[in-house]
Amino acid sequence: MSAPSSPASPVNHGLNLAQQEAVNYLHGPCLVLAGAGSGKTRVITHKIGRLIQMGMPAPRIAAITFTNKAAAEMRERAKGLIGKAAKDVLVCTFHALGVRMLRQDGDALGLKPQFSILDSDDVTSILKDAGGSTDAATARQWQWTISGWKSAGLNAAQALALAEDDNARITATVMARYEERLTAYQSVDFDDLISLPLKLLQDHAHVRQKWQALMGHILVDEYQDTNATQYEMLKLLVGGNPADSARFTAVGDDDQSIYGWRGATLDNLKKLPVDFPALKVIKLEQNYRSTSAILRAANNVIGPNPKLFPKTLFSELGEGEPVRVVDADNEEHEAERAVARIQSLRAEGALAQAGAQYKDFRHFAVLYRANHQAKPFEKALRKAGIPYKVSGGQSFFDRAEIRDLCAWFRLWANNDDDPAFLRAVTTPKRGIGHQTLGTLGVYASQYKLSLFEALFSSSLGSALGAKALGSLHEFGRYVNDLQYRARQTEGAEAARAFITEWLKEIGYEKHLYDGEDSEKVAAAKWANVMEFCDWMAQRCGGQIDDAGGATIARETKSLLEVSQTIALLSTISEREKDQDVVTLSTLHAAKGLEWPHVLLVGVTEGMLPFKLNDGADTPGGSERAHEAAIDDVATRLQEERRLMYVGITRAQRSLAVSWTRRRKKGRDMVTALPSRFIAEMGLDQTTVKEDPREKLRALRAEFAKKAQETAAAQTQAGLA
């Protein structure tokens with residue numbers, strides 16, 4: 001690759017000097033420390049353009065992100081900058097890259113190309129079976145622990161060897177049985193999409209060499225969110241070159257590392273300069289999002305955290321409105337004040353400096369630490385008639401009961417859908433156990449068949465007993481019968497009758513009630529099922545269009561036709577981008593987003609930072625355990641401080657931080673204190689106290705006075 005051209009190159013257009021340096025550095029390992037709002041996506045897309053401009057074939061460039069949404073945005077922006085060549089750049093998540101590697105080379109690990117990817121509910125179900133438990137909470141705890149082990153690169157045998165107590169030993173034993181079942185089912189879980197490609201790269205030289213040759217330059221977005229296995233995977237992918245010329249660009253911010261609880265580790269930032277001594281470190285400190293007042297509060301909050309690479313954000317957008325602190329008596333009072341602030345900011349003439357153009361509901365966000373904090377704000381917004389959406393909440397189509405039904409519909413539409421087969425055949429249970437399914441899975445893999453195809457194979461009887469074979473044949477015939485009937489069922493009424501009868505046949509309502517301790521929860525799930533079935537029936541009747549839920553007249557469809565478009569359903573619930581609504585969101589879900597006006601709520605000790613119960617004062621235990629407890633508290637406090645920093649830096653023009661003197665804890669009200677982070681923001685105490693209701697009253701009085709003056713003038717003019 002030839003030397004970079006001058007910064008005047010078109011690819012550098014509109015970049016500051018630090019961004020230009022990051023874009024033009026092409027010949028070795030590079031770490032771009034991109035502070036909040038400093039234009040990291042711009043740097044990545046421009047660097048893709050630069051690499052292509054300097055002769056790197058587009059298919060040899062990989063940009064890896066953490067969410068499908070971020071990948072889609074990066075793809076669009078790269079296309080806008082580079083044009084057609086951008087479509088050949090591999091822009092995907094770590095997990096999507098893992099899927100690609102396993103589809104192409106998973107046979108080295110015994111995986112067929114059409115292996116199944118299990119969702120969280122499938123995993124819980126298999127773990128309950130593997131651990132001989134009917135308790136979903138226990139299975140979820142196993143799931144969480146096993147996921148952590150996989151993220152750290154451990155298999156069941158290694159986890160068992162390192163187990164320190166009976167709980168860990170039991171979980172490791174369950175993990176071993178779980179791994180056996182996944183192998184038998186030709187299935188992988190979400191964590192396997194990283195750990196298995198890593199195993200491919202580590203253990204199979206021909207696969208490693210192939211993928212190293214394919215990867216000319218790798219760009220990793222949100223690098224601070226990588227876990228141990230993702231780092232090892234990155235190292236092996238770029239390992240075809242000497243360490244001083246490894247071609248990758250890691251873009252991240254140690255101050256925004258807020259996913260320690262799911263395996264992300266700042267050790268990956270510490271390791272980079274050690275593993276790659278020629279690492280070029282470039283800091284992006286100019287923020288294009290927020291005013292100076294907001295950034296000063298952010299810099300002050302993050303200040304006490306130890307720094308791997310010190311940096312200070314600055315802005316050229318001016319001082320802006322002061323950051324406000326709002327205190328309230330309790331959560332309901334806090335919600336009322338939040339609504340009053342939104343109303344006052346939207347009123348004519350309010351906060352002129354904050355930008356008169358930012359008055360739509362979509363310009364406002366209410367951010368909090370945990371999902372349960374949304375409720376009082378939802379009530380207050382509804383009462384005021386203000387439209388809102390809860391971001392990061394569970395989609396209707398992600399509910400277990402809806403996914404159960406979708407699995408059956410998917411299986412009617414495509415018999416080769418193995419994950420749908422596994423879910424349908426075990427939900428509700430029909431006497432077909434994991435050993436039978438395991439044998440079926442091995443047989444299907446051996447003859448390269450789907451599970452459904454294998455079920456009817458003439459030689460399956462040599463692998464299974466007569467009873468097990470009979471149960472499988474009965475299920476297969478039932479699915480074929482449902483498929484035939486669904487093809488003949490047209491129109492809303494016929495579809496509704498068919499689905500109702502089918503749910504009775506499989507005993508799904510009983511299955512829901514048997515699986516829940518609470519009748520209330522089971523009833524709510526059954527209500528969701530009824531709502532979904534009614535919705536499907538309306539689609540068959542042509543009352544709802546596939547394009548997005550609009551109620552318009554269309555031709556009737558068969559239930560099988562509607563089932564074939566089931567994959568569209570989940571996308572319908574996500575078409576909310578352009579809605580003019582206030583966003584309610586957890587801080588974790590808000591990362592990467594921004595709004596002109598942010599209300600950061602519930603900022604009390606015990607909530608943000610979340611309970612730090614420091615174990616350091618617990619009597620008994622060794623001195624080493626005591627020190628470990630202190631270290632753990634310090635580490636968690638640092639992550640909570642980074643979470644506060646992320647919340648502050650979501651705001652563009654105005655920021656209000658609120659806390660309550662009392663808050664709910666279970667059924668009780670407990671005294672609360674303002675979070676230590678409010679003091680750490682270093683605000684001028686004489687200017688930050690605000691009562692939005694007073695401001696709103698003053699505005700209304702001002703409007704009333706103007707209206708009176710106008711009316712008086714008109715009266716005077718009439719008399720004249």
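Since the model is a prediction, treat every value here as computed from it, not as a measurement.
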How long is the gap from [atom1] on [X] to [atom2] on [Y], to the nearest 0.5 Å?
| X | Y | atom1 | atom2 | value |
| --- | --- | --- | --- | --- |
| Leu97 | Leu193 | CG | CG | 10.5 Å |
| Leu464 | Ser457 | CG | OG | 10.5 Å |
| Arg650 | Lys591 | CZ | NZ | 7.5 Å |
| Arg403 | Arg410 | CZ | CZ | 8.0 Å |
| Glu531 | Glu401 | CD | CD | 10.5 Å |
| Phe364 | Lys359 | CZ | NZ | 9.5 Å |

Between [X] (side chain) and [Y] (backbone), is there a donor-acceptor pair under 3.5 Å?
| X | Y | value |
| --- | --- | --- |
| Asn330 | His333 | yes |
| Thr426 | Lys429 | no |
| Glu453 | Ser450 | yes |
| Glu516 | Leu512 | no |
| Thr439 | Gln435 | yes |
| Gln230 | Asn227 | yes |
| Asp580 | Phe361 | yes |
| Arg399 | Lys525 | no |
| Ser471 | Lys467 | yes |
| Glu334 | Gly602 | yes |

Counting only heavy atoms not in [X], do more than 12 sit closer than 6.0 Å to its [atom1] atom?
| X | atom1 | answer |
| --- | --- | --- |
| Tyr513 | OH | yes |
| Asp481 | CG | yes |
| Glu474 | CD | no |

The single option from Asp189, Thr145, Asn155 that satisfies side-chain hydrogen bond (donor to acceptor under 3.5 Å, both in side chains) with Lys150 is Asp189

Answer yes or no: is there a side-chain heavy-atom contact under 4.5 Å between [X] and [Y]?
| X | Y | result |
| --- | --- | --- |
| Trp595 | Val366 | no |
| Met175 | Trp149 | yes |
| Leu584 | Lys389 | no |
| Thr183 | Val442 | no |
| Leu608 | Leu643 | yes |
| Pro387 | Val582 | no |

Residue pair [X] / [Y], side-chain donor-acceptor N/O under 3.5 Å:
| X | Y | answer |
| --- | --- | --- |
| Ser459 | Tyr443 | yes |
| Thr65 | Glu222 | no |
| Ser133 | Asp135 | no |
| Glu505 | Tyr478 | yes |
| Tyr178 | Asp129 | no |

Side chain to side chain contact (heavy atoms under 4.5 Å, CB included) between Leu367 and Leu599, intermediate numbers included
CA-CA 6 Å; Leu367 308 182; Leu599 293 83; over 6 Å; no

Considering all heavy atoms, the nearest [X]-[Y] contact:
| X | Y | value |
| --- | --- | --- |
| Ala370 | Thr586 | C-CG2, 4.1 Å |
| Gly647 | Val598 | O-CG1, 4.2 Å |
| Trp142 | Thr171 | CD1-OG1, 3.5 Å |
| Ala495 | Ala537 | CB-CA, 4.1 Å |
| Leu455 | Gly476 | CD2-CA, 3.9 Å |
| Arg181 | Ala130 | CZ-CA, 3.8 Å |

Begin with the C-alpha distance, continue with both residues' side-chain angles, and end with the deciding distance and a verdict on side chain to side chain contact (heavy atoms under 4.5 Å, CB included) for Leu600 and Leu587.
CA-CA 9 Å; Leu600 191 47; Leu587 288 165; 3.5 Å; yes

A cation-pi test, strictly: NZ or CZ of Arg477 under 6.0 Å from the centre of the six-membered ring of Phe456 and no more than 45 degrees from its axis. Yes or no?
no

Would you call Arg496 and Glu493 a salt bridge, using N to O less than 4.0 angstrom?
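The answer is yes: the pair qualifies as a salt bridge.
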
So Arg140 and Trp144, side chain to side chain contact (heavy atoms under 4.5 Å, CB included) or not? Walk me through it.
CA-CA 6 Å; Arg140 280 193 292 271; Trp144 190 255; over 6 Å; no

Using side chain to side chain contact (heavy atoms under 4.5 Å, CB included), reason through Glu378 and Val390 one step at a time and then give a plain yes or no.
CA-CA 9 Å; Glu378 288 193 69; Val390 181; 3.8 Å; yes

Is the gap between the ring centers of Phe475 and Trp408 under 6.0 Å?
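Ring centroids of Phe475 and Trp408 are less than 6.0 Å from each other.
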
So, do Trp412 and Phe421 have ring centers that fall under 6.0 Å from each other?
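Not under 6.0 Å, so no.
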
Checking side-chain contact (heavy atoms from CB on, under 4.5 Å) against Leu451, which of Leu437, Asn415, Leu422 comes through?
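Only match with Leu451 under side-chain contact (heavy atoms from CB on, under 4.5 Å): Leu422.
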
